[in-house]
Amino acid sequence: MESQTTQTFEDIVTEYGDFVFNLTYRILGNHADAEDAFLAAYRNFERFRGESRVSTWLYRIATNAALMKLRKERPRRNITQTGYEEIDLPSPGEGPEKLALNSELRGHLERGLDMLQPNLKTAVVLRDVQGLSNEEASQILDISVSSLKARLHRGRIFLREHLQEYLTANQ
């Protein structure tokens, strides 16, 4: 494999494009904006110094570009926490009824993600949607693991509360 600093644009897109696009799309909720965030990361690739893995660096740049876009375009939303109850999510099953419920649940969850503050949303997306480790997500966000865990906790609490009414009505 080529050195990380000599990879071509095509190599970068092939290796990291899907992940970076999915990450930025989850943060921004818009295909064009997600593509713009990836391009912002690529435009800054010449600044990569090799002090971290290329994937970590690229995800950090794309995440920062996505967060900057959110800050510029969306009014600031403040979410309050209300309770710490645990909710059991229904497991996916076979049949059209379950598939319809899962599709509704996914839509409700995505609306909940959109309501989160950008720093909470990004932490949840990196860990729970994209499946990164705490260490990888904290490096990308340039925060400590404990700060990441605090953001995850706050984001997950809000999402549980957001989903509680829907789950209660559909169990």
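Sequential numbering from 1 along the given sequence is applied to the chain's residues.
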For N134, the side-chain hydrogen bond (donor to acceptor under 3.5 Å, both in side chains) test, sequence neighbours excluded, returns R127
Applying side-chain contact (heavy atoms from CB on, under 4.5 Å), can you list everything that pairs with [X], at least two apart in sequence or on another chain?
X    : answer
L109 : L159, L163
D128 : V124, L152, R156
T56  : S52, R53, Q139, I140
E110 : R26, R106

Sorted by chain and residue number, the salt bridge (Lys or Arg N to Asp or Glu O under 4.0 Å) partners of D36 (sequence neighbours excluded) come out as none
Transitive ILVMFWY side-chain link V145 to L132, under 4.5 Å
no
Identify whether I27 and M115 are in the same connected component of the hydrophobic contact network (ILVMFWY, side-chain heavy atoms under 4.5 Å).
yes
Ignoring hydrogens and geometry, is there a side-chain-to-backbone donor-acceptor pair from [X] to [Y] under 3.5 Å?
X    : Y    : value
T24  : V20  : yes
K121 : L116 : no
E161 : F158 : no

Per the ring pair (Phe, Tyr, Trp, His ring centres under 6.0 Å) rule, what does the pair list look like for residues 107-126, sequence neighbours excluded?
H108-H162, H108-Y166
Looking at side-chain heavy atoms only, is the closest gap between R154 and I157 below 4.5 Å?
no
Which ILVMFWY residues are connected to Y25, directly or by a chain of links, through side-chain heavy atoms under 4.5 Å apart?
F21
Please determine which of N64, L148, L67 meets the side-chain contact (heavy atoms from CB on, under 4.5 Å) test together with T122.
L67
Salt bridge (Lys or Arg N to Asp or Glu O under 4.0 Å) partners of residues 54-65, not counting sequence neighbours, each pair once
none
A66 and L28: which non-hydrogen atoms are nearest, and at how many Å?
O-CD2, 3.3 Å
